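Working notes, structure below.
Computed from a predicted model, the values in this text were never measured in an experiment. Throughout, residue positions are numbered sequentially from 1 according to the sequence presented.
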Amino acid sequence: MRINEQIRVREVRLIGDDGEQLGIVSNRTALQMAMDKSMDLVEIAPTAKPPVCKIMDYGKHKYEQAKREKEARKKQKVVEVKEVKLRPNIESHDFETKMRNAQRFLRDGDKVKVTIMFRGREITHAENGRTLCLRMAEKLNEEATMEREPKVEGRNMIMILAPVKTAE
């Protein structure tokens with residue numbers, strides 16, 4: 001953003017400090033009007049013909065803009081991917097515990113990566129891992145949607161669950 005003497009055009013479309021359109025005036029006149037009000041002349045639309053300038057307190061404008069950006073960053077939530085690791089022949093109680101962990105992660109707004117780890121020749125029965133993944137997705141269907149179907153990658157089968165968006 002260019003301000004005051006940095007604006008190097010002959011004419012500008014001027015907007016007053018109250019938001020009123022003051023029309024097309026010479027650069028010197030606009031700068032003088034800004035100085036009279038002890039404010040700055042700020043170029044807000046440099047690509048327009050002629051460029052649009054506004055009379056405002058530049059320091060205050062910059063401060064408010066930084067404040068808005070900080071507020072926007074504060075409201076953003078970083079979605080993490082939490083991982084729940086299982087084995088193909090897991091006991092039912094252990095499965096329930098892992099499912100509760102995944103449920104907690106989803107409620108916190110994080111994605112869950114369900115990993116079935118195969119050892120040795122277990123990989124030949126990948127359908128058991130797929131069944132386990134689908135069972136997990138079925139039990140968590142209230143809290144999650146399947147973002148990625150169960151898929152074998154190396155010695156692991158991976159499925160990703162995303163939290164269901166709730167109307168806030």
Side-chain angles (χ1 to χ4, degrees), residues 1-4 6-9 13 15 17 19 40-54 56-168:
M1 240 184 231
R2 293 189 287 210
I3 60 168
N4 298 332
Q6 294 175 347
I7 302 168
R8 297 252 183 238
V9 288
R13 183 175 302 275
I15 300 172
D17 58 326
D40 300 305
L41 183 66
V42 181
E43 191 176 46
I44 54 174
T47 56
K49 297 283 183 220
V52 180
C53 293
K54 186 174 182 180
M56 66 170 79
D57 184 348
Y58 185 66
K60 185 177 176 184
H61 172 71
K62 244 174 95 170
Y63 169 74
E64 286 173 353
Q65 200 172 22
K67 199 170 158 183
R68 278 195 300 271
E69 286 173 6
K70 187 178 178 185
E71 197 65 36
R73 276 196 306 272
K74 198 183 289 184
K75 287 182 181 171
Q76 283 181 339
K77 188 195 184 302
V78 178
V79 176
E80 289 185 43
V81 179
K82 303 284 188 168
E83 188 171 21
V84 175
K85 292 185 175 185
L86 310 165
R87 302 265 301 120
N89 41 9
I90 189 171
E91 293 294 322
S92 61
H93 181 267
D94 295 338
F95 177 80
E96 295 294 323
T97 304
K98 297 284 187 177
M99 192 189 65
R100 278 194 304 275
N101 287 342
Q103 211 169 24
R104 189 182 67 225
F105 297 148
L106 290 164
R107 282 198 194 116
D108 290 344
D110 297 322
K111 291 183 180 182
V112 176
K113 177 180 175 182
V114 180
T115 305
I116 312 286
M117 301 176 302
F118 295 103
R119 269 199 219 139
R121 294 185 185 158
E122 290 174 343
I123 195 75
T124 58
H125 300 289
E127 67 279 354
N128 293 348
R130 184 173 179 74
T131 307
L132 200 59
C133 282
L134 295 176
R135 191 169 121 209
M136 175 81 77
E138 180 65 36
K139 296 245 184 193
L140 295 173
N141 71 345
E142 297 286 317
E143 291 93 5
T145 55
M146 193 181 304
E147 190 173 273
R148 186 168 148 206
E149 293 280 329
K151 185 178 169 192
V152 176
E153 291 182 4
R155 290 206 154 273
N156 298 328
M157 180 176 281
I158 295 170
M159 171 181 75
I160 296 178
L161 300 172
V164 174
K165 300 280 187 268
T166 56
E168 291 177 26

* Run the side chain to side chain contact (heavy atoms under 4.5 Å, CB included) check on Leu41 and Tyr58 step by step: do they pass? -> CA-CA 8 Å; Leu41 183 66; Tyr58 185 66; over 6 Å; no

Taking all atoms of both residues into account, what is the closest heavy-atom pair of [X] and [Y], and its distance?
X: Arg155; Y: Gly120; value: NH1-O, 3.0 Å
X: Phe118; Y: His125; value: CE2-O, 4.2 Å
X: Val164; Y: Ala144; value: CG2-N, 3.5 Å
X: Met146; Y: Ala137; value: CE-CB, 3.6 Å
X: Leu134; Y: Pro150; value: CD2-CG, 4.2 Å
X: Ile123; Y: Gly154; value: CD1-O, 3.9 Å

Less than 4.5 Å apart, any side-chain heavy atom of [X] and any of [Y]?
X: Lys54; Y: Glu43; result: no
X: Cys133; Y: Met136; result: no
X: Ile90; Y: Leu132; result: yes
X: Asp17; Y: Met56; result: no
X: Met117; Y: Leu86; result: no
X: Leu140; Y: Val112; result: no

* **Lys111 and Glu80 ion-paired at < 4.0 Å** => no

* Which residue pairs pass the side chain to side chain donor-acceptor pair (under 3.5 Å) test with at least one member in residues 129-143, sequence neighbours excluded? ->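 Applying side chain to side chain donor-acceptor pair (under 3.5 Å) to every pair that reaches into residues 129-143, excluding sequence neighbours, yields Gln103-Glu143.
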
* Asked: Can you list every side chain to side chain donor-acceptor pair (under 3.5 Å) pair that touches residues 113-124, not counting sequence neighbours?
  -> Glu83-Thr115, Arg87-Glu122

* To do: Give the C-alpha distance, both sets of side-chain angles, the deciding distance and a yes or no for side chain to side chain contact (heavy atoms under 4.5 Å, CB included) between Val42 and Ile7.
  => CA-CA 8 Å; Val42 181; Ile7 302 168; over 6 Å; no

* Asked: Heavy-atom count around Glu91 CD within 6.0 Å, excluding the residue itself: above 12?
  ->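 No.
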
* Quick one: do Glu147 and Leu161 satisfy side chain to side chain contact (heavy atoms under 4.5 Å, CB included)? Show the steps, please. => CA-CA 5 Å; Glu147 190 173 273; Leu161 300 172; over 6 Å; no

* To do: Kindly indicate, with the supporting measurements, whether the criterion side chain to side chain contact (heavy atoms under 4.5 Å, CB included) is fulfilled by Val84 and Phe105.
  => CA-CA 10 Å; Val84 175; Phe105 297 148; 4.1 Å; yes

